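The chain is numbered in sequence order, starting from 1. Note that ligands are numbered from 1 as they come in the structure, with each ligand's atoms numbered from 1 the same way. This is a predicted model, so every value here is computed, not measured.
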Amino acid sequence: MGHRVVLREIVPEKVESLRAGEVPIHEPGLSELITGNAERLTFTLDMGDLLEAARLIFVCVETPPTYSGDADLRAVMRAVEEIGDDEGRALVMKSTVPVGTGRTIASRAGDLAYVSCPEFLREGSAVQDFLHPDRVVVGADAGDEWAADAVAAAYEVGTGAPIVRTDVSSAEMIKLASNAFLATKISFINEIANVCEEVGADVTEVARGMGMDDRIGSKFLNAGLGFGGSCFPKDTQALKMLAGNIGYHFQLLSSVIEVNELQKRRVTSKLSKHLGSLDGKRVALLGLAFKPDTDDMREASSLVLAARLQGEGAEVTAFDPVAAARAGELLPGVQMRPSAMAALDGADAAVLVTEWPEFADLDWSEAATRMKTPLMVDGRNFLDDDALVEAGFAYEGIGRPPRSANSG
Ligand code: UGA
């Protein structure tokens with residue numbers, strides 16, 4: 001967008017790799033963006049460099065859940081302390097924080113202005129989402145309007161996106177409520193899928209028909225193995241806890257979370273239907289990341305699924321094109337294989353966990369001959385079921401009638 005940016009990071013190895021143009025995570029387009037804008041970007045370990053150069057200071061640190069389910073604000077508070085309270089500067093909060101955090105910080109921050117500017121990008125399409133947001137939310141309270149104007153202008157120049165100007169607490173709530181709503185949509189369609197399985201309907205058809213209603217919309221209506229990642233599980237929990245801490249039981253959100261946890265565990269019964277006991281059976285997992293185009297394994301459905309399968313006595317093999325390198329220590333006992341075909345080799349069943357595009361193009365005839373029993377549980381309703389059935393597979397999706405050569 002043409003802005004000059006100083007980026008301060010506390011881990012020396014990350015600063016070194018970023019200076020060399022190497023991004024420490026898998027995120028399409030990010031490396032190119034950083035190297036393409038090298039002359040406007042400075043990476044530093046020193047807060048002094050940043051304070052010297054910048055008027056708007058964006059805090060983008062992690063807010064993981066604590067044991068109590070609240071957001072852990074220690075990294076945020078460390079950053080706030082280091083920024084100090086000089087007049088003429090603004091702290092712009094990008095980290096997802098509980099409603100009320102901004103007011104608390106602002107009341108302690110002296111002359112420093114405070115702006116809440118939550119982020120709505122998705123991992124895997126972070127660059128695109130950042131450059132083309134549906135809206136940019138800018139929250140500031142009385143007295144800090146100049147800072148909100150500056151933040152709004154900084155985004156308007158680059159994105160042309162509509163700006164939602166509001167107060168700090170409402171901005172914080174927009175972020176939490178947006179994630180909670182999307183998570184609700186996913187748990188809703190997953191429950192519809194589970195009912196579809198009982199009554200013989202196909203949830204992909206149901207979602208298609210529902211999604212054409214503008215009031216509903218077609219996005220985030222893909223039934224599957226539940227939502228994972230660093231955001232939905234943590235933010236739904238944090239909003240539930242935020243409400244609980246002030247004496248309100250957020251019933252709907254409690255169900256959204258519970259449905260999601262159960263959804264991750266449903267695959268074992270689909271496998272048992274075909275294989276009987278899973279004890280001693282070999283199950284191949286295709287994909288481990290919580291979604292495609294990322295190497296992030298946080299709260300991934302694969303973690304629950306692998307442990308459940310092992311709990312039933314199954315042997316688990318796995319392949320993920322990007323996440324496998326990090327997955328080893330998270331998935332003890334799971335045998336990592338160098339390709340999808342190698343993971344399928346000798347397996348009694350396969351489960352598609354992450355819809356990496358390359359899995360769509362596998363040679364299913366070869367896979368069927370390599371597997372002990374050609375059985376596929378498509379946990380994302382992603383594969384071409386006709387092609388699988390033709391190749392001799394028994395196919396089980398989520399919320400769809402099972403298919404095999406016999407059933408057509
Ligand atoms: C999510 C939100 O979509 C972003 O708007 C938000 O900025 C971000 O959290 C955040 O708070 O930082 P992200 O977690 O990166 O983004 O990924 P999503 O694409 O939302 O997917 C989350 C999970 O939901 C994945 O496990 C995905 O497989 C699952 N999902 C998504 C479904 O099961 N069905 C769907 O229809 C859509």
Side-chain angles (χ1 to χ4, degrees), residues 25-28 30 60-65 71 93-98 116-137 161 171-194 203-204 206-208 210-211 216-239 256-257 259-264 266-267 287-305 320 323 352-356 378-382 397-399:
I25 53 166
H26 178 87
E27 185 61 53
L30 189 53
C60 318
V61 296
E62 76 278 18
T63 51
M93 188 61 78
K94 274 272 152 208
S95 301
T96 302
V97 294
S116 168
C117 182
E119 185 51 60
F120 299 97
L121 60 76
R122 289 162 298 174
E123 288 183 36
S125 54
V127 173
Q128 275 305 309
D129 290 351
F130 182 83
L131 294 175
H132 307 286
D134 291 339
R135 77 308 202 184
V136 176
V137 174
E172 291 167 341
M173 187 55 110
I174 289 171
K175 169 67 191 182
L176 291 177
S178 298
N179 272 3
F181 185 80
L182 292 169
T184 302
K185 224 175 157 184
I186 298 170
S187 276
F188 179 82
I189 201 67
N190 280 337
E191 287 218 283
I192 294 289
N194 299 342
V203 74
T204 60
V206 175
R208 187 163 66 92
M210 285 172 64
I216 299 172
S218 60
K219 293 177 181 157
F220 281 67
L221 277 186
N222 297 321
L225 300 178
F227 56 79
S230 67
C231 301
F232 286 170
K234 146 179 102 72
D235 291 348
T236 45
Q237 191 68 24
L239 181 51
V256 167
I257 294 165
V259 166
N260 193 53
E261 278 163 8
L262 295 174
Q263 195 70 14
K264 293 180 177 180
R266 282 176 61 89
V267 166
L288 297 168
F290 86 94
K291 60 182 275 186
D293 277 329
T294 178
D295 54 355
D296 199 337
M297 294 274 300
R298 284 176 287 180
E299 304 291 329
S301 300
S302 60
L303 299 170
V304 175
L305 186 55
D320 186 290
L352 182 124
V353 183
T354 316
E355 64 277 36
W356 286 99
D378 181 357
R380 301 286 170 191
N381 293 336
F382 171 69
I398 305 292

Quiz prompt | Contact with ligand 1 for E299, non-hydrogen, under 4.0 angstrom | solution = no
Quiz item: Does an N or O from G229, backbone or side chain, lie closer than 3.5 Å to an N or O of ligand 1?
Solution: no
Quiz item: Is the shortest distance from a heavy atom of N179 to ligand 1 less than 4.0 Å?
Solution: yes
Exercise. Identify the protein heavy atom lying closest to atom 37 (C) of ligand 1, giving its residue, its atom name and the separation to 0.1 Å.
Key: F220 CD2, 3.4 Å
Quiz item: Is there at least one pair of N or O atoms, one from F120 and one from ligand 1, spaced under 3.5 Å apart?
Solution: yes
Quiz prompt | Non-hydrogen atoms of V203 and A223 that approach each other most closely | solution = CG1-CB, 3.9 Å
Self-check item: Those residues that, when tested against N190, pass side-chain hydrogen bond (donor to acceptor under 3.5 Å, both in side chains) (two or more places apart)
Solution: none
Quiz item: Considering all heavy atoms of both residues, which atom of W356 and which atom of T294 are nearest to each other, and what is their separation?
Solution: CZ2-O, 3.5 Å
Exercise. Considering the heavy atoms of D235, write down every atom of ligand 1 situated less than 4.0 Å from one of them.
Key: 11 (O)
Practice problem: Name the closest protein heavy atom to atom 8 (C) of ligand 1, giving the residue it belongs to and the distance to 0.1 Å. | Solution: L121 O, 3.4 Å
Exercise. Consider ligand 1: state whether an atom of it lies below 4.0 angstrom from any non-hydrogen atom of G228.
Key: yes
Practice problem: Have a look at N222, L221, T96 and point out the one with the heavy atom closest to atom 34 (N) of ligand 1. | Solution: N222
Quiz item: What is the minimum heavy-atom distance between D320 and L288, and which atoms define it?
Solution: OD2-N, 2.7 Å
Quiz item: Is the closest heavy atom of C231 to ligand 1 under 4.0 Å?
Solution: yes
Exercise. Could you find the nearest protein heavy atom to atom 30 (N) of ligand 1 and give me its residue, atom name and distance?
Key: I186 CD1, 3.4 Å
Self-check item: Nearest neighbour in protein (non-hydrogen) for atom 24 (O) of ligand 1
Solution: F227 CB, 3.3 Å
Practice problem: Pull out every atom of ligand 1 sitting under 4.0 Å from any heavy atom of E119, numbered as shown with elements. | Solution: 7 (O)
Quiz item: Is there a side-chain contact between K234 and T96 (heavy atoms, below 4.5 Å)?
Solution: yes
Quiz item: On the ring face of F290, is R298 found with NZ or CZ under 6.0 Å from the centre and within 45° of the axis?
Solution: no
Quiz item: Among E123, K175, K234, K291, which one has a heavy atom closest to atom 17 (O) of ligand 1?
Solution: K291
Practice problem: Return the minimal non-hydrogen interatomic distance between S187 and N260, and the atom names on each side. | Solution: OG-N, 3.8 Å
Quiz item: Hey, is R380 one of the residues with a heavy atom under 4.0 angstrom from ligand 1?
Solution: yes
Quiz item: Is there at least one pair of N or O atoms, one from F290 and one from ligand 1, spaced under 3.5 Å apart?
Solution: yes
Quiz item: For atom 1 (C) of ligand 1, what's the nearest protein heavy atom and its distance?
Solution: F232 CE2, 3.5 Å
Practice problem: Would you check, one step at a time, whether the test side-chain contact (heavy atoms from CB on, under 4.5 Å) holds for F120 with D129? | Solution: CA-CA 8 Å; F120 299 97; D129 290 351; over 6 Å; no
Quiz prompt | Partner set under side chain to side chain contact (heavy atoms under 4.5 Å, CB included) for S95, not counting sequence neighbours | solution = V59, V61, T63, V76, M93, V97
Exercise. Would you mind checking which non-hydrogen protein atom is closest to atom 16 (O) of ligand 1, with the distance to 0.1 Å?
Key: R122 CG, 3.5 Å
Quiz item: Do F232 and I186 come within less than 4.5 Å of each other through their side chains, counting heavy atoms only?
Solution: yes
Quiz item: Closest heavy-atom contact between E123 and K291?
Solution: O-NZ, 2.7 Å
